[in-house]
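Take a look at the structure below.
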Amino acid sequence: MSRDLPKAYDPTAIEDHWAEYWVRERIFDVPTPAAGTVDPARIFTILLPPPNVTGRLHMGHMLNQTEMDILIRWHRMRGDTSLWVPGTDHAGIATQMMVERQLANEGTTRQQLGREAFVERVWEWKKEYGGAILGQMKRLGASVDWSREYFTMSDPLSRAVREAFVRLHEQGLIYRGAYIVNWCPRCQTAISDLEVIHEEQQGKLYEIRYPVVGDAKAFVTIATTRPETMLGDVAVAVNPNDARYTHLHGKKLRLPLTDREIPIVTDDWANPEFGTGAVKVTPAHDPNDFAIGQRHHLPSINVMDDTAHITVAGAYAGLDRFEARKRILADLEAHGFLVAVKDHTNSIGKCDRCKTIVEPRLSTQWFLKIQTLADKAIAAVEQGHIRFTPQQYEKTYFEWMRNIHDWCISRQLWWGHRIPAWHCAACQEITVARETPHACMHCGSANITQETDVLDTWFSSGLLPFTVFGWPEQTLDLATFYPTQLLLTGFDILFFWVARMIMLGCHFMLDVPMPDGSKRELKDAVPFREVYIHALVRDADRQKMSKTKGNVIDPIEIIRHYGTDAVRFTLASMASPGTDIAFSEARTEGYRAFANKIWNAARFIFMQIDRAKEAGIVVDPHTLPAEIIASESDPLETRWIISRLNQCAADVNQALANYRFDEAANLIYQFFWGEFCDWYLEIAKIRLDFGETADKVATTTALTTLLSVFEAALRLLSPFMPFLTEEIWHAFYDGKPPAKSIALSAYPQDNATSDGALEISMGVVQELIVTVRALRKELGVAEKSTTPVQVARCAELKDHAELIQRLARVSDMEIVPSIPDSPNKRSTYNFDVAVIYEKPIDIPAERERLTKDLAKFEKEMESKQSQLQNEGFLAKAPAKVVDGLRTRAEELTVLIEKTRAALDTLDTVGSR
RNA sequence: GGGCGGCUAGCUCAGUUGGUUAGAGCGCCUGCCUUACAAGCAGGAUGUCGGGGGUUCGAGUCCCUCGCUGCCCACCA
């Protein structure tokens, strides 16, 4: 890695190399520290939200990983023991679907294959393709500890899952029973409430009359949106206070299209306001109806099979539910039972995975009693043991947690953690055990078979914050790294994952003693201390990216084009909390330009090292002072740039502490480009005089500062642009860097206070240079030619004459007591300046500009004065504000006076 | 039916607890191939801070109201 950088910055040429280097050299591995050797406050641990093994990297992942990587690199460079644990999720349904699709292409099905062979097949698939996303992650430069990579279905994690299940069962928190669950007829499994997405839909409300038994002319009209479920009706409910139906209490109805008679029951749930006030009761297909059925001891008639085909014997048997609906409606109409069909908007539940309409259906499932877990999870946040950023998500969290229902944790899938329960054929009892039992624990029969259901994927991922560290063993890892510091993720898995981790973490870890043997309290049982929720990445038109819309931006594609560093920087700079990111390539293009800028700054600096060497001045990067401190005797720009660097470092550290990736990124950008390159580097060109007669000490000092500040800036930037900075950093040290990676060097801190007064005087120099440049431009001075200037009211500027001459193309700067008003003169609060140049300026344009300025100044002056005359303001406003206002008023007085004079002159000149 | 955001320059977004001149990037206009960088340099234009009302000495920032827009949650047939 020599200092011979190619002329153009080419990210593809460097990124693969370092991505591979970091992994190969195990730069980011964190061996478990010996007990008690690390201050817990200096440990920073995060867990990667496990992508699905089926996943391909998308912009959401990239944002998530970029943010985590910036933070973990930042902490690492600050000297914290920084551990980022990667892994993948077995993703039950998603993976099973993937392999099933593959089987379909081969003309077979999982049923034909059989469970064992199918699961074997999925494992093969996982081995073959499951690492894709982690490979992509390596390419992003994610500084994770690959030695700790986990998979939610590995042996150790599977053991932990069984342990957790068995313990919950022993604690009486897991039960099995027949309840209404959300059933996906396509996936043929139960799914949890969270996996159902509701969509508003314009549907129909059908009103159907049910004849009263024993009264040929009487009917009760019910309303339903799912007429096919009437086959499972076991009653009709009316409100006990509904006078319209009082006379029918205790009567029976004949269920149309069947020969069944069903009772009329009274139940408060029937709302007299809705429809006809009478509601059909179908306990096997509706949660409310199920509750009514329980209250009135009614039977349940399940009318559909796992694929939502009608099972009730008769005309509709074997029909798909929607086909059955059509037929039933037709038959009802034919027999005069269908009274009305009304438009009705209702929300319809669909399977999150396959978008099939979910069927609420009575089914025997395993549930986790959630209330005691939720109580602890609520307390943990209420008591501030877990902090949310942005804070508003706390509210969302509480809302959900306080209205939580028991969690259906069983799935009728083959790919997943099989529930450790065995059914006894002899006594029908269930044996729940950690290891496969040989006999039923109730009757001793050996005729037992394992439960076929598997656990919800989120059950195992909910345990990860402690299972990845070896729980249920009380390992050193667990003692060292639990709780993790931060959970960084998108809001889409706030309930699925974040909430579950909090519940399960608080529940299980409360039983694990602290490293010193004392009892663990809630504050240390939490799985993480902070949660940072990031936004959604949308396309440039703020549209949600989706495959169907075809507007998905593939990060790998963008990276190929602009480089990982530029994409990372784009995401970071746009990641302000609370708002979604409209990903714009234009922006990425801009940050690639930034990377190029840094690249070229490096080339320039390396050239100076060579030039210096030729001139006999040797500044060795390896022996630069550890701390960059300016001394009184240093030139203005040296003290200024060091002061700016320190201020920038302080601000960036502060921003990162508050998860303000955008602020941090913008601060560095502004510093590096706007201050270091635009000003300091240009000045350095003047100072780096390698000529025979040059002041070698001054040149050496300038070069030392240049190198020091640049190197510090690289470190400052490193968490954001790890590849580019790594490349340049190694080159900077001529291939012999003081550490194996810039990521292992120290992050710049605010090690000196910035010098405010100094910046003002540098500010005046800059102001003069800018003013002269503007004047020259207006006067039409040719770019290359130099012009003399006169400066009044600020003699100190003479001290910086050389600098001003070079940067503003001034041939000679003369300090004069005053400058007569002329179109060539420009005034600021600090000085008057005139460019000596014959060519007259564009008078109308100049007049327009001055008039505009004057109006602006006068308007501002007016408002300032009215404020300063306002006694209320003077009495109540803080002194700082009043003083500021007075100073500004003074400035304005000068500016107005100068502008008026300039205008007058213009008129004189103009009339000549 | 509840709840939460957003509306600031042509575009994408910043704007900390109300306080001096509302900012950035991109785009736009003008002039420069000044040997680190044309992926660049220099100079420049651009805002009734969604509408209305209120609190205050002072409002982009707080309150009320209206409008548009996005999202989350919910077992009303």
Side-chain angles (χ1 to χ4, degrees), chain A residues 5 7-9 180 193 198 205 222-226 237 269-271 273-276 278-282 286-291 344 346-347 349 360 390 392-393 395-396 399-400 403 405 491-492 494-495 536 540 542 544 573-574 576 578-584 586-587 589-608 658 660 662-663 666 669-670 674 677-678 681-682 685 770 773-778 780 782-784 809 849 856-857 860 863-864 866-867 870-878 880-889 891-892:
Chain A
L5 297 184
K7 183 167 168 157
Y9 160 66
I180 298 285
D193 294 347
H198 293 274
L205 187 64
I222 58 92
T224 181
T225 52
R226 290 153 70 211
W269 193 80
N271 177 4
E273 307 293 315
F274 189 92
T276 60
V279 57
K280 70 199 259 312
V281 179
T282 322
D286 183 283
N288 294 307
D289 293 10
F290 183 76
H344 180 69
N346 62 339
S347 89
Q392 74 208 40
Y393 284 106
K395 209 171 166 177
T396 313
E399 185 70 21
W400 187 78
N403 296 296
H405 299 294
F491 65 82
D492 51 329
L494 180 59
F495 306 136
L536 206 67
R542 315 209 99 264
K544 213 170 180 168
S573 73
M574 298 185 84
S576 46
T579 39
D580 287 345
I581 294 175
F583 189 87
S584 117
R587 196 97 177 224
E589 218 174 306
Y591 291 125
R592 183 189 52 182
F594 180 49
N596 184 55
K597 186 79 183 173
I598 297 159
W599 183 262
N600 278 292
R603 288 181 57 230
F604 171 76
I605 289 164
F606 295 168
M607 280 170 64
Q608 304 316 309
N658 295 326
R660 291 305 304 260
D662 58 329
E663 276 181 17
N666 292 333
Y669 182 95
Q670 174 52 35
C677 288
D678 287 352
L681 229 48
E682 291 306 318
K685 285 178 184 172
V770 169
R773 282 171 179 168
L775 257 175
R776 281 169 48 95
K777 175 103 175 166
E778 262 171 51
E783 200 77 25
K784 278 183 179 164
R809 294 183 187 281
R849 187 185 66 80
K856 202 177 77 187
F857 292 146
E860 197 191 329
S863 103
K864 292 288 169 295
S866 83
Q867 272 195 78
N870 184 323
E871 281 173 31
F873 170 74
L874 295 176
K876 292 181 187 173
K880 197 183 92 189
V881 175
V882 178
D883 288 349
L885 219 68
R886 288 218 170 94
T887 310
R888 179 62 185 163
E891 282 180 23
L892 286 168

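The chains referred to below are lettered A, B, ... by the order of the sequence lines, with proteins before strands, and numbering in each begins at 1.
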Nucleotide [N], atom [atom2] - distance to [atom1] of [X] in whole Å:
| X | N | atom1 | atom2 | value |
| --- | --- | --- | --- | --- |
| A:I598 | B:A39 | CD1 | P | 17 Å |
| A:Q867 | B:U56 | CD | P | 17 Å |
| A:F274 | B:A77 | CZ | P | 5 Å |
| A:E663 | B:G15 | CD | C1' | 9 Å |
| A:L681 | B:G40 | CG | C1' | 13 Å |
| A:E682 | B:A36 | CD | C1' | 9 Å |

Checklist entry - Less than 4.0 Å between a side-chain N and a carboxylate O, is that true for A:E783 and A:R776? => result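 Salt bridge absent between A:R776 and A:E783.
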May I ask you to say what [X] touches in the nucleic acid, namely base, sugar-phosphate or nothing, with a heavy-atom cut-off under 4.0 Å?
| X | answer |
| --- | --- |
| A:A270 | base |
| A:V770 | sugar-phosphate |
| A:R888 | base |
| A:P360 | nothing |
| A:A586 | sugar-phosphate |
| A:D289 | nothing |
| A:E891 | base |

Counting side-chain heavy atoms from C-beta on, which of [options] comes nearest to [X]?
| X | options | answer |
| --- | --- | --- |
| A:Y9 | B:C75, B:A77, B:A39 | B:A39 |
| A:Q392 | B:A36, B:C75, B:C4 | B:C4 |
| A:A774 | B:A36, B:A14, B:G43 | B:G43 |
| A:R587 | B:C76, B:U12, B:C37 | B:U12 |
| A:S576 | B:A14, B:G43, B:C73 | B:A14 |
| A:Y669 | B:U12, B:G25, B:U34 | B:G25 |
| A:N346 | B:A77, B:C75, B:G43 | B:A77 |
| A:K777 | B:C57, B:A77, B:G43 | B:G43 |
| A:A877 | B:U12, B:G19, B:A74 | B:G19 |

Side-chain N or O of [X] less than 4.0 angstrom from OP1 or OP2 on [N]?
| X | N | value |
| --- | --- | --- |
| A:K395 | B:C4 | yes |
| A:R592 | B:A39 | no |
| A:H198 | B:C73 | no |
| A:K597 | B:C41 | yes |
| A:R660 | B:G15 | yes |
| A:T396 | B:C4 | no |

With both distances under 3.5 Å as the test, what is the Watson-Crick or G-U wobble partner of [N]?
| N | result |
| --- | --- |
| B:G58 | none |
| B:U17 | none |
| B:G47 | none |
| B:C33 | none |
| B:G5 | B:U69 |
| B:U12 | B:A24 |

Next on the checklist: If you go through the side-chain atoms of A:K7, does one of them form a donor-acceptor pair with the base of B:A36 closer than 3.5 Å?
Outcome noted: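 Counting by modelled atom types and ignoring angles, no donor-acceptor contact under 3.5 Å is found here.
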Item to check | Donor/acceptor link under 3.5 angstrom from A:K876 side chain onto base of B:U56 | outcome: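 No, no donor-acceptor pair under 3.5 Å.
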Item to check | Mutual orientation of the aromatic rings belonging to A:F491 and A:Y393 [parallel < 30°, tilted 30-60°, perpendicular > 60°] | outcome: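 Rings of A:F491 and A:Y393: parallel, under 30°.
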Checklist entry - Between A:Y9 and A:W599, what is the ring plane arrangement, given parallel below 30°, perpendicular above 60°, and tilted in between? => result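 A:Y9 and A:W599: tilted rings.
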Checklist entry - So, A:R660 side chain and A:S576 main chain: donor-acceptor pair closer than 3.5 Å or not? => result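 Checked: no pair found.
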Checklist entry - Counting distance only, does the side-chain N/O of A:N870 pair as donor-acceptor with the main-chain N or O of A:S866 below 3.5 Å? => result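 No: the side chain of A:N870 does not pair with the backbone of A:S866.
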Checklist entry - When the C1' atoms of B:U12 and B:C28 are considered, how many whole Å apart are they? => result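 Each nucleotide's C1' atom is 16 Å from the other's.
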Item to check | Rounded distance in Å between the P positions of B:U46 and B:G23 | outcome: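 Between the two P atoms, the distance is 13 Å.
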Checklist entry - For A:R886 and A:W269, take the nucleotide of RNA chain B holding the closest heavy atom to each; which residue's nucleotide lies nearer the 5' end? => result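 The residue mapped nearer the 5' terminus is A:R886.
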Item to check | 5'-most by nearest nucleotide on RNA chain B - A:I605 or A:N870 | outcome: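 Residue closer to the 5' terminus by nearest nucleotide: A:I605.
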Checklist entry - Atom OG of A:S863 and atom CZ of A:R888: how far apart are they, to the nearest 0.5 Å? => result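 Output value for this atom pair is 10.0 Å.
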